[in-house]
Protein chains: 2
Amino acid sequence: MEQPGEIKKVSMAVIKRLPKYYKCLGNLLKNNVERVSSQDLSKILGFTASQIRQDLNNFGEFGQQGYGYNVLQLYTEISKILGLNTLHKMVLVGAGNLGQALANYSEFRTHGFDIIAIFDTNPNLIGRKINNTPIYSVEDMEYFINENDVDIAILTVPKDKTEKVVEVLSKTCIRGIWNFTPAEITTDDDTDDIIVENVHLIDSLFTLSYRINEDKLQERLLKQKRKIFPDCR
Amino acid sequence: MEQPGEIKKVSMAVIKRLPKYYKCLGNLLKNNVERVSSQDLSKILGFTASQIRQDLNNFGEFGQQGYGYNVLQLYTEISKILGLNTLHKMVLVGAGNLGQALANYSEFRTHGFDIIAIFDTNPNLIGRKINNTPIYSVEDMEYFINENDVDIAILTVPKDKTEKVVEVLSKTCIRGIWNFTPAEITTDDDTDDIIVENVHLIDSLFTLSYRINEDKLQERLLKQKRKIFPDCR
DNA sequence: TAGATTGTTAATCGATTAACAATC
DNA sequence: TAGATTGTTAATCGATTAACAATC
């Protein structure tokens, strides 16, 4: 049994499902749906109703027996849980192709994530703007972040520049790094309060490749086994 | 006990670790390391040695007692498991900011993933090239994919265009969709052999936001509980 | 040979699902 | 009130870790 004051660590599996709940409730809200049961959500999201109730009860008791959940209330609660009720200041480090694409992505701002500065080393870019956001020299990054209370740094620099940038970031008030580089980021002990969220595109592509290839692979494995156990199916 | 001919389904948790093994072995290879034990790998990757041996034994017996694993051999085996030993033809659908960034990303080609065509509806783009890859009209997509035996479609179209594009793709020989749109892709029964790999950027950002916010959240939850159980820590 | 390290079985841990009393 | 649906405990399932005989 759980003790009253105990802080139960929420598992990553649950955390990864929160954005799905949030988006689903947002859609229901748009469609003027007022109440929703865990069973309704189950049908939409493909999770079991039981899992949905378990997930939500990590954070409080948002439902009502015999009624279900009020869509607006649950939506608001989850937005608070995800930290979407406050504005987030972001900087983007590395104004290459991917960096520029992200700087032009308006969806982030819609949800309260505002890119207020871009940093690069290329003198041809410094002083220019992308999507109305100014590009500064990385030299000025440390000062700027601390001065403007920036939350999140988006990392879109080349792999071999990553370590150096992270070193600078670890001297700032940055709380999270959204890492689009292929590098694995390690922060030393005194900075392990910086959260790193990786978007490892190559890993994602490799995973897709594996799954496309899986049937052929299983056949090959089976054939190999038949050599050892000739009478198997 | 497992039957000889049985096909054991490999769990997604294992699959997601395969690219990490692959990259790690690639690095060792570059550094001329010839052999490696599960314990060595454990230190580098942060998985337990036991887990590493379990993972690898999903696909065969690649090691040798008392010796460990031959780096080159294991690297080669995992590359085959991931399907990286064959070339993959890809098309990119949607030449917006993100699409253009991905078209310029050379890392994919390095690993045998070749973008051979880009499709868009914008007449100003059709006929032009990005990173030497021609942009065609989406009208020609179905024919092109089937004619050229394309494996993978990269989806970087606006959300509301996704369904229509997927409908067309489901009539082709496409094996996998690498989905960068916020849409959840559902393929009907006759096309459920198309594998979908999602890169949901907003979900990733929300997850980061949650984790940055977690400490504050736990405090708030604790405070709420104290109202009910006033004597808890 | 002795030491090292695998492949694999058994034990443990954690996450998901089922069940149901509480209650709106 | 009766039906519906929650929050929560218990059961199950699956993934990770530990242990160790086999063997290079």
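Chain letters run A, B, ... following the sequence lines, proteins first, then strands; residues in each count from 1. The structure displayed is predicted, hence computed values, not measured ones.
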Taking C/dG7, D/dG7, C/dA15 as options, the one with an atom nearest any side-chain atom of A/Ser11 is C/dA15
For A/Ser50 and C/dA19, is the shortest distance between a side-chain N/O and OP1 or OP2 below 4.0 Å?
-> no
Once you round it to whole Å, what is the distance between C1' of D/dG7 and CD of A/Gln39?
-> 16 Å
Side-chain N or O of A/Thr48 closer than 4.0 Å to phosphate OP1/OP2 of C/dT17 = yes
May I have the distance from A/Gln65 (atom CD) to D/dT6 (atom P), rounded to whole angstrom?
-> 9 Å
May I have the distance from B/Leu56 (atom CG) to C/dT8 (atom P), rounded to whole angstrom?
-> 12 Å
Interatomic distance, A/Arg35 CZ vs C/dC24 C1' [rounded to whole Å] | 11 Å
Could you check how far NZ of B/Lys16 sits from P of D/dA15, rounded to whole Å?
-> 13 Å
Of the non-hydrogen atoms in B/Leu82 and A/Ser209, which two are nearest, and what is the gap between them?
-> O-OG, 2.5 Å
Would a 4.5 Å heavy-atom cut-off, applied to side chains only, mark B/Leu25 and B/Tyr69 as touching?
-> no
Side-chain N or O of B/Arg53 less than 4.0 angstrom from OP1 or OP2 on D/dA18?
-> no
Below 6.0 angstrom between ring centroids: does that apply to B/Trp178 and B/Phe113?
-> no
Can a side chain N or O of B/Tyr69 be found less than 4.0 Å away from OP1 or OP2 on C/dG7?
-> yes
Give the nucleotide from the list D/dA22, C/dT16, D/dG7 with an atom nearest to the side chain of A/Asn57.
-> D/dG7
Taking atom P of C/dT8 as reference, at what distance in whole Å does atom CD1 of B/Ile52 sit?
-> 17 Å
Between C/dT8 atom P and B/Phe62 atom CZ, what is the distance in whole Å?
-> 12 Å
Taking all non-hydrogen atoms of both residues, which atom of A/Lys89 and which atom of A/Val150 are closest, and how far apart?
-> O-CG1, 3.2 Å
Does OP1 or OP2 of D/dT16 have a side-chain N or O of B/Gln51 closer than 4.0 Å?
-> yes
Salt-bridge contact A/Lys23-B/Asp203 (side-chain N to carboxylate O under 4.0 Å) = yes
Checking D/dA18, D/dT8, D/dT5 against the side chain of A/Gln54 (C-beta onward), the nearest is D/dT8
Using a cut-off of strictly less than 4.0 Å, decide whether B/Arg17 has a side-chain nitrogen or oxygen near OP1 or OP2 of D/dT16.
-> yes
Per the 3.5 Å Watson-Crick/G-U criterion and a run length of at least three, the stems involving DNA chain C are C:3-24 with D:3-24
Note: for A/Asp55 and B/Gly60 on DNA chain C, the residue whose nearest nucleotide lies more 5' is B/Gly60
So among A/Tyr22, A/Phe108, A/Tyr21, which one has a ring-ring contact (aromatic ring centres under 6.0 Å, His included) with B/Phe206?
-> A/Tyr22
Nucleotide nearest A/Gln64 (side chain, heavy atoms from C-beta), chosen from D/dT8, D/dT16, C/dC24 = C/dC24
Interatomic distance, A/Leu74 CG vs D/dT5 P [rounded to whole Å] = 15 Å
The nucleotide from C/dT6, C/dT8, D/dT6 with an atom nearest the side chain of B/Glu61 is C/dT8
Check the surroundings of atom CD in B/Gln73: do more than 12 heavy atoms from other residues, nucleotides or ligands lie under 6.0 Å from it?
-> yes
Do A/Ile145 and A/Cys173 touch side chain to side chain, with heavy atoms closer than 4.5 Å?
-> yes
